[in-house]
Amino acid sequence: AILSRRLILTRVKPGRYPLWGVTYFRWWLSDRLSDIAPAHLLSGSSLQVWYLRALGAHIGNDVMIGSVRLRVPSLLTIDDGASIGNAVNLDNARVERGELHIERIFIGREGYVGSYAVMEGNTSVAELGRLEGLSALADGQHVPAAERWSGSPARKVEGYRSPIVALRRELNAYANL
């Protein structure tokens, strides 16, 4: 699966491609071949991160991944310390109105994506951002830094204050004494 994905889907870029064209066929074939591999056996282990890196995903250090469904691994970036729950759908490729849409997905440093969440292409969770479980982030939506979003479609949860940001502020205030 790793070798076929790397060989067939090399250098694919974000964009819109005609249905049944060469790029569509390359994506479809690599997607079918990667379905053959029993990647679900790696769920929740440190091997999951290694496997996604081998497929071309850009993943930082200390990243925890439960299990994900990912369509174009080379267009996924996850920064250091991020956490992704179980059965998360990172749907950065979809067919819509006769075109294949391929987009990037970004999860920032110490970002969080809860179990059973869906992130379409051209979405992001910024540093310390949270996309709660069972939430859906539609194409073009972005969770800003240190904000918590929930629901389908996802919306900002008012009154949320990141405990990490609060702790950092207290530590900085203590250091300045």
Side-chain angles (χ1 to χ4, degrees), residues 1-109 111-126 129 131 133 135-143 152-154:
I2 294 169
L3 187 58
S4 66
R5 182 72 85 154
R6 289 286 199 156
L7 290 175
I8 296 170
L9 209 56
T10 58
R11 296 189 204 108
V12 68
K13 294 182 167 83
R16 295 176 179 203
Y17 300 94
L19 198 58
W20 313 118
V22 174
T23 301
Y24 173 82
F25 178 73
R26 287 174 45 217
W27 167 77
W28 176 85
L29 182 60
S30 70
D31 203 45
R32 299 294 77 79
L33 290 173
S34 66
D35 283 344
I36 295 170
H40 64 279
L41 298 175
L42 304 176
S43 295
S45 75
S46 58
L47 295 176
Q48 176 84 346
V49 172
W50 175 85
Y51 177 70
L52 291 174
R53 283 180 183 144
L55 289 175
H58 308 281
I59 301 176
N61 298 318
D62 300 322
V63 172
M64 299 297 298
I65 299 176
S67 61
V68 297
R69 172 76 172 134
L70 177 61
R71 308 310 292 267
V72 183
S74 61
L75 297 179
L76 172 67
T77 301
I78 304 174
D79 275 353
D80 297 342
S83 177
I84 299 175
N86 289 314
V88 172
N89 187 1
L90 302 176
D91 199 14
N92 59 350
R94 69 184 186 285
V95 174
E96 186 177 292
R97 295 187 182 107
E99 292 181 318
L100 172 65
H101 296 247
I102 297 177
E103 300 294 340
R104 295 186 187 281
I105 293 178
F106 174 78
I107 300 169
R109 190 173 64 81
Y112 170 79
V113 179
S115 295
Y116 301 98
V118 175
M119 290 180 72
E120 290 186 353
N122 190 28
T123 58
S124 66
V125 175
L131 178 63
S135 298
L137 205 58
D139 181 15
Q141 284 189 300
H142 304 280
V143 176
S152 181

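- The structure places CD1 of Ile8 at 8.0 Å from CZ of Phe25, a figure rounded to the nearest 0.5 Å.
- For Tyr116, the OH atom sits in a loose shell: 12 or fewer heavy atoms of surrounding residues, nucleotides or ligands are nearer than 6.0 Å.
- Other residues, nucleotides and ligands contribute only 12 or fewer heavy atoms inside 6.0 Å of the CZ atom of Arg16.
- For the pair His142/Leu137, no side-chain contact is recorded, criterion being any heavy-atom separation below 4.5 Å from C-beta on.
- Atom OG of Ser74 is separated from atom CZ of Arg104 by 8.0 Å, given to the nearest 0.5 angstrom.
- Relative orientation of the Trp27 and Tyr24 rings is tilted, given thresholds of 30° and 60° on the angle between their planes.
- Of the possible polar contacts, none joining the Ser135 side chain to the Ala117 backbone as a donor-acceptor pair under 3.5 Å is found.
- Tested against Val63 for a side-chain contact (heavy atoms from CB on, under 4.5 Å), the candidates Ile78, Asp80, Asp79 yield a single pass: Ile78.
- Between Gly121 and Ile105, the closest heavy-atom pair is CA-CG1, 4.2 Å.
- Under the 4.5 Å side-chain criterion, counting only non-hydrogen atoms from C-beta, His101 is not in contact with Asn122.
- Taking 4.5 Å as the limit, some side-chain heavy atom of Val68 sits within range of a side-chain heavy atom of Leu52.
- With a 6.0 Å radius and a threshold of 12 heavy atoms from other residues, nucleotides or ligands, Arg97 has its CZ atom at or below the threshold.
- The two residues Ala93 and Ile102 make their nearest non-hydrogen contact at CB-CG1, 4.3 Å.
- Listed here is the closest heavy atom pair of Glu120 and Asp139: OE1-N, 2.9 Å.
- Between Ile107 and Ala82, the closest heavy-atom pair is CG2-CB, 3.9 Å.
- Separation of atoms NZ (Lys13) and CD (Glu103) is listed at 14.0 Å; rounding is to 0.5 Å.
- Between the side chain of Ser115 and the backbone N or O of Asn86, at least one donor-acceptor pair lies under 3.5 Å.
- To the nearest 0.5 Å, atoms CG (Leu75) and NE2 (His58) are separated by 7.5 Å.
- Here the closest heavy-atom approach between residue Ser34 and residue Tyr51 is recorded as O-OH, 4.5 Å.
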- request: Check step by step if side-chain contact (heavy atoms from CB on, under 4.5 Å) holds for Ile65 and Ile59.
  value: CA-CA 10 Å; Ile65 299 176; Ile59 301 176; 4.2 Å; yes
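- A heavy-atom distance below 4.5 Å is not found between the side chains of Ser46 and Val49.
- Considering every non-hydrogen atom in both Tyr112 and Val125, the closest pair reads O-CG1, 4.2 Å.
- Using a 4.5 Å heavy-atom threshold, the side chains of Asp91 and Arg71 count as touching.
- Under 4.0 Å is where a charged nitrogen must lie from a carboxylate oxygen, and between Asp62 and Arg109 no such pair does.
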